[in-house]
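The structure under discussion appears below in the form of structure tokens.
Sequential numbering from 1 along the given sequence is applied to the chain's residues. These values consider heavy atoms only, across backbone and side chains, with no hydrogens, waters or symmetry-generated copies.
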Amino acid sequence: MSALVLALVAGAVVGLALGALGGGGSVLAVPALIYLLGFTPAAATTASLVIVTVTSLTALYAHARAGHVRWKAGAAFAAAGLLPAALAGAAAARLPQAALTLAFAAVAALAALKMLRPADPAAARSGGVRPGRAAGTGAGLGALTGLLGVGGGFLAVPALVTVLAFEMQAAVGTSLLVITANSLASLATRSGAAVSLDWAVVGPFIATAVLGAWDGKRLAAKVSGPRLQRVFAVLLLAVAAFMLADAVT
């Protein structure tokens, strides 16, 4: 299969994940760029952030129109992560790739297990979101985003559901705001790095990802929140297992 066809297919899958699940874009894009399209890890993480930023903006618009974005809590969550994301992004270049891959797999597995745990009814009824709690969780997420070179949606959704007691649809929509902000902060630290991207591949990847995000939004409207949550958890476990196997072989 040619690189163009692979880029088109991979982009559609990444966009579908972002639109439906509010995350999982980078966690799918990075392996696709490395193993299917032959990018180096450094180029793949940078290209992934570009792809996810553009696609997340599209998906954010779609979810905002449906009223699924909690702007106040999401803005506090995202703002708290901007500086940690930038600092961790600069530090990531000095760490061994194998260590980053292992950390990526471990965090993805932990997030999946938290998503599979039954929801706490008392937390769900509490409603309000404490700004301090949102800011603390957002700072930690921003640091992991910059360190691992991902948009953070695969961590933002579980955090919004389990820590801040968001229902799944609101978590999906709000996570896209967080992804966009954190991705831009991480890209800012990489702008001076000597990484050249193959835009003949990245461009089509972005185009089908944007289209896939709209289809993902429509899919999310037809599937219940708990089912989306389980699908997301299984996706994270599969990615964690794949990355772990790659790191140890």
*Determine whether Asp198 and Leu37 make a side-chain contact, defined as any pair of heavy atoms from C-beta on separated by less than 4.5 Å.*
no

Do Leu160 and Trp71 share a hydrophobic cluster (ILVMFWY, side-chain heavy atoms under 4.5 Å, transitive)? yes

Residues Ala43 and Leu197: closest non-hydrogen pair is O-CD2, 3.6 Å

| Side-chain heavy-atom pair Leu244, Leu102 within 4.5 angstrom cut-off | yes

Would you say Leu28 ends up clustered with Val202 if hydrophobic residues are merged whenever their side chains have heavy atoms under 4.5 Å apart, either directly or through other cluster members? yes

So CD1 of Ile34 and OG1 of Thr45: to nearest 0.5 Å the spacing works out to 7.5 Å

Check your understanding: Should we count OH of Tyr61 as having more than 12 external heavy atoms under 6.0 Å?
Key -> no

Closest heavy-atom pair, Val52 versus Ser183, reported as atoms and distance to 0.1 Å, is CG1-OG, 4.1 Å

Scanning both residues in full, the closest heavy-atom pair of Ala88 with Ala143 reads CB-O, 3.1 Å

Practice item. Ignoring hydrogens and angles, tell me if any N or O in the side chain of His63 forms a donor-acceptor pair with the backbone of Gly19 under 3.5 Å. Key: yes

Do Leu60 and Val69 have side-chain heavy atoms sitting under 4.5 Å apart? yes

When rounded to the nearest 0.5 Å, the distance separating NE2 of His68 from OG of Ser175 is 12.5 Å

Are Phe166 and Met168 linked, directly or through intermediate hydrophobic residues, by side-chain heavy-atom contacts shorter than 4.5 Å (ILVMFWY only)?
yes

Closest non-hydrogen contact found for Ala80 with Pro84 is O-CD, 3.3 Å

Shared hydrophobic cluster, Leu57 / Ile51 (ILVMFWY, side-chain heavy atoms < 4.5 Å): no

Notebook entry, point to check: Would Leu8 and Val50 show up in the same hydrophobic cluster when neighbours are defined by side-chain heavy atoms closer than 4.5 Å?
Noted result: no

Is there side-chain contact between Leu177 and Phe77, with heavy atoms separated by less than 4.5 Å?
no

Would you confirm whether Thr174, through its side chain, and Arg70, through its main-chain N or O, come within 3.5 Å as a donor-acceptor pair? yes

Paired with Leu184, the side chain to side chain contact (heavy atoms under 4.5 Å, CB included) test is passed by just one of Leu49, Leu82, Thr53, namely Thr53

So CG of Leu33 and OG1 of Thr40: to nearest 0.5 Å the spacing works out to 10.0 Å

